[in-house]
Amino acid sequence: QVQLVESGGGSVQAGGSLTLSCAASGYTYSRYCVGWFRQTPGQEREGVAAIASPDGTTYYADSAEGRFTISQDNAKNTVSLQMNSLKPGDTAMYYCAVRWRGCGNWDVEVEDFGYWGQGTQVTVSS
């Protein structure tokens, strides 16, 4: 049974940092893509960053480029999202998700991500 559990969300002032973690279990595929997405009420879910396994290639949305860093720890089966220079516009529920292929078009073909965590809230105040 595939499970994804996010943690690390919270409240921070603009300019601050947070690190989100996604703990994954229940699968042994070697080729997959883990993505971080975010959503605010009334808005569509948008991609933030993704990382491909096994090669570790990373992908970022324009809004995350230069501020966020996605990484994976294969030994711990976790994928982290380090978020720096946070802005009020980053306020959202953040989700991690996994699909069993590479990360091509990861931020467009969101429906291909078949497994999602429950989300962790990030609130950035000005």
Side-chain angles (χ1 to χ4, degrees):
Q1 180 179 354
V2 178
Q3 282 193 321
L4 301 172
V5 180
E6 302 96 336
S7 61
S11 297
V12 65
Q13 290 191 326
S17 299
L18 283 174
T19 300
L20 307 183
S21 292
C22 175
S25 62
Y27 62 89
T28 58
Y29 297 105
S30 60
R31 186 169 186 263
Y32 54 86
C33 177
V34 175
W36 280 98
F37 299 83
R38 66 187 184 187
Q39 190 171 25
T40 55
Q43 301 296 316
E44 290 190 0
R45 197 165 292 186
E46 66 168 341
V48 177
I51 188 164
S53 182
D55 56 278
T57 304
T58 57
Y59 305 79
Y60 296 95
D62 289 345
S63 60
E65 189 76 56
R67 299 188 299 127
F68 296 0
T69 302
I70 189 171
S71 60
Q72 60 185 7
D73 184 334
N74 291 327
K76 297 181 179 179
N77 287 335
T78 60
V79 174
S80 297
L81 184 68
Q82 171 71 42
M83 305 186 295
N84 299 324
S85 303
L86 284 162
K87 306 173 182 179
D90 295 317
T91 295
M93 185 71 80
Y94 284 70
Y95 301 88
C96 65
V98 66
R99 71 182 193 190
W100 313 127
R101 62 183 182 93
C103 287
N105 292 323
W106 67 277
D107 56 342
V108 177
E109 298 169 354
V110 179
E111 67 278 4
D112 282 354
F113 287 84
Y115 297 91
W116 294 78
Q118 82 289 348
T120 186
Q121 177 68 37
V122 171
T123 302
V124 184
S125 59
S126 58

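As a basis for the values below, the full set of heavy atoms in this structure was taken, side chains included, without hydrogen atoms, waters or symmetry mates.
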Quiz item: Which pair of non-hydrogen atoms, one from Q39 and one from Q43, has the smallest distance, and what is that distance?
Solution: NE2-O, 3.0 Å
Quiz item: Would you call the rings of Y59 and W106 parallel, tilted or perpendicular, where under 30° means parallel and over 60° means perpendicular?
Solution: tilted
Quiz item: Under a 4.5 Å cut-off applied to non-hydrogen side-chain atoms, are Y27 and Y115 in contact?
Solution: no
Quiz item: side chain to side chain contact (heavy atoms under 4.5 Å, CB included) with V48: which of I70, D107, L81?
Solution: L81
Quiz item: Would you say the side chain of F37 lies within less than 4.5 Å of the side chain of W116, judging by non-hydrogen atoms?
Solution: yes
Quiz item: Taking everything shown except D62 itself, do over 12 heavy atoms lie less than 6.0 Å from its CG?
Solution: no
Quiz item: Within the distance-only criterion (no hydrogens, no angle test), does the side chain of S80 pair as donor or acceptor with the backbone N or O of S21 below 3.5 angstrom?
Solution: no
Self-check item: V34 vs Q72 side-chain heavy atoms within contact, under 4.5 Å
Solution: no
Quiz item: If you take all heavy atoms of Q121 and M93, which pair is closest and at what distance?
Solution: N-SD, 3.5 Å
Quiz prompt | Exercise: identify the closest heavy-atom pair between T69 and Y60 | solution = CA-OH, 3.3 Å
Quiz prompt | Side-chain donor or acceptor of T91 paired with backbone N/O of V124 under 3.5 Å | solution = yes
Exercise. Please report the shortest heavy-atom distance between A23 and T78, naming the atom on each side.
Key: CA-CG2, 4.0 Å
Quiz item: Are more than 12 heavy atoms from other residues, nucleotides or ligands located less than 6.0 Å from atom CD of E44?
Solution: no
Contacts table for residues 9-18: side-chain donor-acceptor under 3.5 angstrom, sequence neighbours left out:
unit_1	atom_1	unit_2	atom_2	d
S17	OG	N84	OD1	2.9

Exercise. Could you tell me whether a side-chain N or O of Q118 sits under 3.5 Å from a main-chain N or O of E6, the two making a donor and an acceptor?
Key: yes
Quiz item: With no hydrogens and no angle check, is any side-chain donor or acceptor of D73 less than 3.5 Å from a backbone partner on K76?
Solution: yes
Quiz item: Once you round to the nearest 0.5 Å, how far does CZ of R67 lie from CE of M83?
Solution: 9.0 Å
Practice problem: Identify the two heavy atoms, one from L4 and one from C22, that lie closest to each other, and give their separation to 0.1 Å. | Solution: CD2-SG, 4.0 Å
Quiz item: Which heavy-atom pair separates S53 from S30 by the least distance, and what is that distance?
Solution: OG-O, 3.2 Å
Quiz prompt | Heavy-atom check, side chain of R101 versus side chain of R31, under 4.5 Å | solution = yes
Self-check item: V79 reachable from F113 in the ILVMFWY side-chain graph, under 4.5 Å edges
Solution: no
Self-check item: Cluster link W36 to V98, ILVMFWY, side chain under 4.5 Å
Solution: yes
Quiz item: Can you find a heavy atom in the side chain of D90 that is under 4.5 Å from one in the side chain of F68?
Solution: yes
Quiz item: To the nearest 0.5 Å, what is the distance between SG (C33) and CD1 (I51)?
Solution: 9.0 Å
